[in-house]
Each structure stands twice: as C-alpha cells, then as structure tokens.
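One structure is given below, encoded as structure tokens.
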Amino acid sequence: MPVIKAMREIERGTAEIIDRERIETLVRNYYEKGEPYRVKLGLDPTAPDLHLGHTVILQKLAAFQQHGAIVQLLIGDFTAMIGDPTGKSETRKVLDRETVRKNAQTYQDQAFKILDPEKTELMFNSTWLDALGADGLIQLTTQYNVARMLERDDFEKRYKSGQSIAISEFLYPLLQGYDSVAMECDIELGGTDQKFNLLMGRHLQRAYNVGKEQAVLMMPILEGLDGVQKMSKSLGNYVGISEPAREIYAKLMSISDELMWRYYELLSTLSLEEITEMKRQVESGELHPKRAKEMLALEITARFHDEAAAQQAKEAFDSLFKARQIPEDIPEVDLEPEIWICKALVEAGLEPSNSQARRDIKQGAVRIDQEKVEDDQLTLEPGEYILQVGKRKFARAKVG
RNA sequence: GGUGAGAUACUCAAGUGGCCAACGAGGGCAGACUGUAAAUCUGCUGGCUUUUGCCUUCGGAGGUUCGAAUCCUCCUCUCACCA
C-alpha cells in the first residue's frame, strides 16, 4: 500500500495537521489516477541565507514531491513590505525589487539542494497583489473581523498588554491567505507559529469560492544549537546550509546528546524505526552516543556537500579535537621580526585587541608550536611558528 | 495636542557628586573535566607594549564643580497615560 507508506512519511515529525483526510485523498488520487496536487510554501525574501531550521520544512516538501506534489515556492515580495507581526515589532526595511529578485535567486539555489527543481514552481505574490487594487483590498478586509483577528496569539498578547498593533499588520494574514486563493493550492506548509495565517488561507479559499480548502501541515520549530531557543541567524545558534562542510560538521558535533535525537527526527532521512533502534542501542550502551552523533553530522554534511567532503570534514574534526592536532589548511600571516606576541596574535586575526590577547595569555590559552606561552612580553624571533588561541583558532606565522 | 517616564558596555539591568572601566544576570571567550560536547566548577569579558599605571566610555552638545554616569540648560530619540 504505497498510500499508507507515503502518509507515514508525510506525517513524520509534524507538529499538527489540519484536514489529514484531504491530504490522504490527494495522495491516493495521485497513486490511483496520477493526478498531481499543489503544495505551497511561503517565503519571506528578507533573509536569503537558509539554515537547518528552514530545511525541516523543505525536506517535508521534498517528501511530498516523492508522492506526486508540485511544490509552489512563493516569494513574498509584496508582503515583505509589511512584515509578519510574529516576533518583535521591528520596523521592516523596504526592499527594492532588485534585492528581492537577488534574494529569491539565492533562496532558489539553496532550496534546490533539497527540492526537485522539476517539480517546483517559483512564484511572486506581487504578481496578483499588485493588481489587487484598493477595492480588491477592501473586498478582502470584509472577509474577516477584528474580534477574530485578535484571537491570534500574538495580537492578543500585545493588545492586552497595551502594545501597539499597526493596521497594516492585520493585513499580513489576510494577504498571505489571499495568496492561497490566487495559487489554488491544496496544501500549505508552515511552522507552528504560522497556524493563524495558514488557517486564514483555508478560510479565504472558502470565502472566494476557490472550490477547495487547503489542508495545513505544520512543522515544529527546530531548536538551535543551544537546544533552547529556535534556530535563527540573529541568535547565532544556526547551521547555514551554504557553510563549508567542516563548519557544518563541527557545529552539529557540538550539540547535546538530547538535542541529537530531536535533530534525527526532524533532519535525518533515516526511517523512524531505524532511529528508535539506534536510540535503544545508545541507552543499552551498545552504541556510543558520540558515534550516533557522528552519523548524524555525516549525513547532514553530505546532504549539502557530498560524501567525500563530509568524510574529510570528519577527519579534520577528529584530528583537531580528538588528537589535538593542527589542521592542515590554516591562514598564514607575514609578520615583522621582533614582534610582540600580543600584537602578532591581533595581526593574525586570532585576537580582537592586545588587551584580550594579554588576558588569554594569562589564562594559558595561547600556544606557540604547541607550547603554552607564559610570558606576555614575549617577542618573536624570525622563523615560522604555529600560533594558537584556545582550541580552535590557529594561524601560521612567518616572522621576518 | 497635553502630561509623565526613560535613554548606561553584546543584551537585560544596578548605580543618582568622589570608594566607577561602572553591581548583578544572560551571552561570549578561556581553563579544568569529558566523548569534541552537554552539565558542572573556575577565571576573564572598553582600549593602550610594559598594567597596583595611563587613556576613552554611561543618547548628543554645552555648563556648574577641585571632581559628573550622577547636578543644571538645550537638543535628539523612545515609551506610557490622557485627549
């Protein structure tokens, strides 16, 4: 039964599904009659750098593609001007068309590391929202009322605590919902924080007699490397998918054991059974947790690079941390002779200031050719040295 | 439009004339421990080639004072309440 199997894959790791029946019907229609269906994902073109948090949803889209879906990637070039009220009430900078286009291109390049380009359509919501006009917009606002709008978590909180809510923010969910009308999508994906907006699409599709109501599938928010807050670039706890293999690998190896299982569920393509089995082995002591983490890091690194690069990243990582060896390709700097050690560290880019360098030397964090530096007044004679600060900052210094 | 409150280092936040480079918390960095981590403990967290010293910082510009993050004046910006 391919449908049952497909549904299991589709449901995996989801936070919530609204109208599961409909999804099953769509999948069944595909398998029985070969009819495709449309799955929408809206993207905000403000931050073109994708990280693992975004890939949770992208991978779900990829899963859909394997089961007959045409993915509609929607670039919210129009709505970007308003800004989704979720989160902080920052004033958005208005993006010009050129920037949006460029960001969209970057998005696409990155998204295609996961998605099948053959089954993906790229869309811009300015296409229909520009044409909506004032009357269309007013027409749209009549489809909803303030009381219901205030039901939205975020609005409710702010309203009760007396924080301001701009009228334009009310428009965001409406416009996002209207996108679904224009796109005639069957399913929309999003994070749990998007629930209100996603349901709006359902509501508006009915109001505008599209002839269908989109099912909604929500993915949980991926925790960042700290395991507490959501993964985001601004919090610095993210793994970017265009980062070098070594970075991705090292960052993944730094997560806690607990978080590792979460990542397995949401990011790995291993089946749920395999993951459960692995977890059992770790608990019984048959498998070292570090080993399990290595496999995860390898899998994900390979996804954005390739097997060989992942393997190399692992080796570099092992030699750096396990054997405390020096990595092969480290930055080189030329320094003048008799240079003061602190200054040398700053010039090599290992330290931000002489003072910081001095502090680190006092703490025994600085090494030259593996030897701990004790004297912060040291000057370097001509020659070649490996400078090191902490465990991971290295530079090769040519003095003279 | 009126009234009031506020602006302090990466973030939150104490400090209301000298003991302030500025309490505390978070974050970050480093050391110990380890599995590379996480947790825990410890130290550091403005700059300066010489550090029981010097210089620059507490929204901006002036002023009072031997001495100002702290007092005064003006300016800029935020926020709250009332219209």
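Reminder, nothing fancy here: chain letters follow the sequence lines and each chain counts from 1.
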- Rounded to whole Å, the OH-P distance (Tyr238(A) to G27(B)) equals 19 Å

- Query: C1' atom, A14(B) versus C23(B): distance in rounded Å?
  - Reply: 6 Å

- Message: Quick check on G47(B): is either OP1 or OP2 less than 4.0 Å from any side-chain nitrogen or oxygen of Arg359(A)?
- Response: yes

- Message: Please give the distance between the P atoms of G31(B) and U36(B) as a whole number of Å.
- Response: 14 Å

- Please state how far atom CG in Leu345(A) lies from atom C1' in C48(B), giving the value in whole angstrom units. 16 Å

- Going by the side-chain hydrogen bond (donor to acceptor under 3.5 Å, both in side chains) test, name the single residue among Arg38(A), Lys212(A), Gln214(A), Gln72(A) that passes it with Asp186(A). Lys212(A)

- Query: Atom NE2 of His288(A) to atom P of A38(B): distance rounded to whole Å?
  - Reply: 15 Å

- The residue, Ala250(A) or Val389(A), whose nearest nucleotide of RNA chain B is more 5′ is Val389(A)

- Item | Inter-nucleotide P distance (C54(B), A68(B)), Å rounded | 16 Å

Just distance, no hydrogens or angles: give the donor-acceptor pairs under 3.5 Å from side chains in residues 302-310 of chain A, sequence neighbours left out.
residue   : atom : partner   : partner atom : Å
Arg303(A) : NH1  : Gln59(A)  : OE1          : 2.9
Arg303(A) : NH1  : Leu267(A) : O            : 3.0
Arg303(A) : NH2  : Leu267(A) : O            : 2.9
Arg303(A) : NH2  : Glu299(A) : OE2          : 3.1
His305(A) : NE2  : Glu243(A) : O            : 2.8
His305(A) : NE2  : Ala245(A) : N            : 3.2
Asp306(A) : OD1  : Ala308(A) : N            : 3.0
Asp306(A) : OD1  : Ala309(A) : N            : 2.9

Kindly give the atom pairs (protein nitrogen or oxygen, nucleotide nitrogen or oxygen) under 3.5 Å for nucleotides 50-58 of chain B.
residue : atom : partner   : partner atom : Å
U51(B)  : O4   : Arg358(A) : NE           : 3.4
U51(B)  : O4   : Arg358(A) : NH2          : 2.7

- Item | Distance, rounded to the nearest Å, where Phe317(A) contributes CZ and G35(B) contributes C1' | 9 Å

- Query: Can you tell me how far P in A69(B) sits from the matching atom in C75(B), rounded to whole Å?
  - Reply: 23 Å

- Check ion pair Arg20(A)-Glu11(A) (N to O, under 4.0 angstrom): yes

- Rounded interatomic separation in angstrom, taking CG from Asp257(A) and P from U36(B): 12 Å

- Message: Roughly how many Å apart are A39(B) and U45(B), using the C1' atom of each and rounding to a whole number?
- Response: 22 Å

- note: Asp226(A), atom CG; A39(B), atom C1'; distance rounded to Å ~ 14 Å

- Establish, from distance only, whether the side-chain atoms of Gln65(A) and Asp116(A) form a donor-acceptor pair under 3.5 Å. no

- Item | Assigned partner base of U40(B), Watson-Crick or wobble definition, under 3.5 Å | A32(B)

- Task: Give none if G6(B) has no partner; otherwise give the nucleotide forming a Watson-Crick or G-U wobble pair with it, both distances under 3.5 Å.
- Result: C77(B)

- Message: Suppose you measure atom C1' in C82(B) against the same atom in C12(B); what distance do you get, rounded to whole Å?
- Response: 30 Å

- Message: Regarding Glu258(A) and Ser256(A), do their side chains bring together a donor and an acceptor under 3.5 Å, going by distance alone?
- Response: no

- Task: Could you please name the partner base of G46(B), counting Watson-Crick and G-U wobble pairs only when both distances are under 3.5 Å?
- Result: C55(B)

- Message: My understanding is that a pair needs two contacts under 3.5 Å, Watson-Crick or G-U wobble. By that rule, which nucleotide pairs with G62(B)?
- Response: C72(B)

- Message: Pairing check on G1(B): which nucleotide meets the Watson-Crick or G-U wobble criteria with it, both distances under 3.5 Å?
- Response: C82(B)

- Query: Using purine N1 to pyrimidine N3 plus N6-O4 or O6-N4 for Watson-Crick, or N1-O2 and O6-N3 for G-U wobble, each under 3.5 Å, what pairs with G67(B)?
  - Reply: none

- Task: Calculate the interatomic distance between Met253(A) atom CE and G35(B) atom P; express it in whole Å.
- Result: 13 Å

- Message: Looking at C23(B), which nucleotide sits across from it as a Watson-Crick or G-U wobble partner, both distances under 3.5 angstrom, or is there none?
- Response: none

- If U16(B) has a Watson-Crick or G-U wobble mate with both distances under 3.5 Å, name it; if not, just say none. none

- Flag the pair Arg358(A) and Asp376(A) as a salt bridge only when some basic side-chain nitrogen lies within less than 4.0 angstrom of an acidic carboxylate oxygen. yes

- Item | Gap between atoms NZ and P, on Lys290(A) and U34(B) respectively (whole Å) | 14 Å

- Message: Say we look at G24(B) and C44(B): how far apart would their P atoms be, to the nearest angstrom?
- Response: 10 Å

- Is Lys293(A) touching bases, backbone alone, or none of the nucleic acid, heavy atoms closer than 4.0 Å? base

- Query: Mapping Ser254(A) and Pro352(A) to their closest nucleotides on RNA chain B, which lands nearer the 5' end?
  - Reply: Ser254(A)

- Can you say whether the rings of Tyr144(A) and Phe196(A) are parallel (under 30°), tilted (30 to 60°) or perpendicular (over 60°)? perpendicular

- Message: If you compare every side-chain N and O of Ser256(A) against the phosphate oxygens of A37(B) (OP1, OP2), does one of them come in below 4.0 Å?
- Response: no

- Nearest to side-chain heavy atoms of Pro289(A), which nucleotide of G35(B), A37(B), C48(B): G35(B)

- Euclidean distance for P, A5(B) against U73(B) (whole angstrom): 13 Å

- Any side-chain donor paired with an acceptor under 3.5 Å for Arg202(A) and Gln205(A)? no

- Give a yes/no verdict on a cation-pi contact between Lys251(A) and Tyr238(A), requiring under 6.0 Å between NZ or CZ and the six-membered ring centre and an angle within 45° of the axis. yes

